[in-house]
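See structure below.
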Amino acid sequence: MMSQFPVLTIDGPAGSGKGTIAEQVAKALGWHMLDSGALYRLVAIAAQKKNISFDDDKNLTALAKKLDAVFVPCEIGGIEVRLEDEDVTLAIRTEDCGRMASQVAANKGVRKALLQRQRDYLVSPGLVADGRDMGTVVFPNATAKVFLTASAEERAKRRFNQLNEKGVDVSLAGLIIDIQERDLRDMSRTEAPMVAASDAITIDTSRLSIEAVVEQVLALVAKNQ
Ligand code: DC
């Protein structure tokens with residue numbers, strides 16, 4: 001079924017620049033944004049709080065179904081993420097939470113529970129959806145599909161610089177290993193593995209500026225509309 005509103009899907013591995021590109025493209029188009037990774041991160045945090053193990057299919061699924069989370073745009077810019085009325089904006093962005101989200105995301109029931117919730121984000125005038133399976137599973141009829149890649153070293157370097165700027169002390173070698181482990185888990189799971197949709201345009205962002213990628217993506221949307 002073709003949706004009445006346009007949707008651009010941006011999939012790819014951790015650190016490929018998806019979040020930044022999705023945000024800038026959404027702003028340029030005036031479309032809404034779905035950060036689907038945040039939903040998996042929220043399920044992971046909620047599970048941790050309630051002491052539910054990451055392979056407890058039944059309880060994780062129930063948790064994902066009734067996930068009480070909201071994204072509130074802030075007046076000064078950015079989005080505040082609230083879980084059961086608690087501000088978890090920063091808590092969901094840690095490396096640990098990313099690793100936990102990747103484990104939770106391998107769970108079939110959790111993915112199914114979040115499917116309709118993600119589709120409900122598609123409202124007028126359009127949506128930019130960022131994740132791993134946006135173009136393959138959640139929005140297979142998307143107007144335009146992009147798959148962003150970059151070498152694991154380049155992605156780890158970007159994360160290293162981001163964390164350094166925030167004053168967080170991390171090792172680059174450790175980040176490379178983390179990224180490789182997460183890629184492997186996201187690509188090899190049986191449920192909705194991370195893969196480029198057959199009709200997606202793959203862009204290697206290793207040597208491209210953010211502006212250059214945004215420009216290419218906007219051109220693709222304009223062409224497909
Ligand atoms: O994009 P991110 O780093 O916030 O995503 C965190 C984890 O969530 C990622 O390692 C795998 C999972 N995820 C997923 O399985 N499907 C999505 N559409 C988005 C994220």
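All values below were derived from every heavy atom in this structure, side-chain atoms included, with hydrogens, water molecules and symmetry-related copies excluded. Ligands are counted one by one from 1 in listed order, and the atoms in each one are counted from 1 as well. Residues: numbered from 1 along the sequence shown.
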Requested in this report: Give the C-alpha distance, both sets of side-chain angles, the deciding distance and a yes or no for side-chain hydrogen bond (donor to acceptor under 3.5 Å, both in side chains) between Asp96 and Thr94.
Outcome: CA-CA 5 Å; Asp96 248 7; Thr94 64; 5.7 Å; no
Report task. Would you please say whether a donor-acceptor pair under 3.5 Å links the side chains of Arg158 and Thr205? Result -> yes
Query raised in the report: Looking only at distance, does Lys18 have an N or O less than 3.5 Å from an N or O of ligand 1?
Result: yes
Report task. Name the closest protein heavy atom to atom 12 (C) of ligand 1, giving the residue it belongs to and the distance to 0.1 Å. Result -> Ala105 CB, 3.6 Å
Query raised in the report: With a cut-off of 6.0 Å (strictly less than), are more than 12 heavy atoms of other residues, nucleotides or ligands near CD of Gln225?
Result: yes
Query - Residue, atom name and distance, where the atom is the protein heavy atom closest to atom 8 (O) of ligand 1 - result: Tyr40 CB, 3.6 Å
Query raised in the report: Of the protein's non-hydrogen atoms, which lies at the shortest distance from atom 6 (C) of ligand 1, and what is that distance?
Result: Arg182 NH1, 3.5 Å
Query raised in the report: What protein heavy atom sits nearest atom 17 (C) of ligand 1, and how far away is it?
Result: Arg132 N, 3.4 Å
Report task. Kindly confirm or rule out an N or O of Asp130 lying under 3.5 angstrom from an N or O of ligand 1. Result -> no
Report summary line: Here the atoms of ligand 1 under 4.0 Å from any heavy atom belonging to Met134 are 18 (N)
Query raised in the report: So which heavy atom on Tyr121 is nearest to which on Met33, and how close?
Result: CD2-O, 4.1 Å
**Report entry** Nearest neighbour in protein (non-hydrogen) for atom 20 (C) of ligand 1
**Finding:** Gly37 CA, 3.5 Å
Query raised in the report: With atoms numbered from 1 as shown, which atoms in ligand 1 lie under 4.0 angstrom from a non-hydrogen atom of Ala101?
Result: 6 (C), 7 (C), 8 (O)
Query raised in the report: Got a salt bridge between Lys49 and Glu84, using NZ or NE/NH1/NH2 to carboxylate O under 4.0 Å?
Result: no
Report summary line: Within 4.0 Å of some non-hydrogen atom of Gly131, the atoms of ligand 1 are 18 (N), 19 (C)
**Report entry** NZ/NE/NH1/NH2 to OD/OE distance under 4.0 Å, Arg117 and Asp120
**Finding:** no
Report task. Please write down residue, atom name and distance for the protein heavy atom closest to atom 19 (C) of ligand 1. Result -> Ser36 OG, 3.4 Å
Requested in this report: Measure Met100 to ligand 1 on non-hydrogen atoms and call it side chain, backbone, both or neither using the 4.0 Å cut-off.
Outcome: neither
Report task. Among all protein heavy atoms, pick out the one at the shortest distance from atom 3 (O) of ligand 1; state its residue, atom name and that distance to 0.1 Å. Result -> Arg41 NH2, 2.9 Å
Query - Test item: Arg189 side-chain N/O and Ala192 main-chain N/O as donor-acceptor pair under 3.5 Å - result: yes
Query raised in the report: Does a side-chain N-to-carboxylate-O contact under 4.0 Å join Lys27 and Glu23?
Result: no
Query - Ion pair check, Arg93 and Asp35, cut-off under 4.0 Å - result: yes
Report summary line: Here the atoms of ligand 1 under 4.0 Å from any heavy atom belonging to Asp186 are 9 (C), 10 (O), 11 (C)
Query raised in the report: What residue and heavy atom of the protein are closest to atom 16 (N) of ligand 1, and at what distance?
Result: Arg111 NH2, 3.0 Å
Query raised in the report: Is it true that Arg155 and Asp183 make a salt bridge, defined as a side-chain N closer than 4.0 Å to a carboxylate O?
Result: yes
**Report entry** Contact partition for Asp133 relative to ligand 1, non-hydrogen atoms under 4.0 Å
**Finding:** both
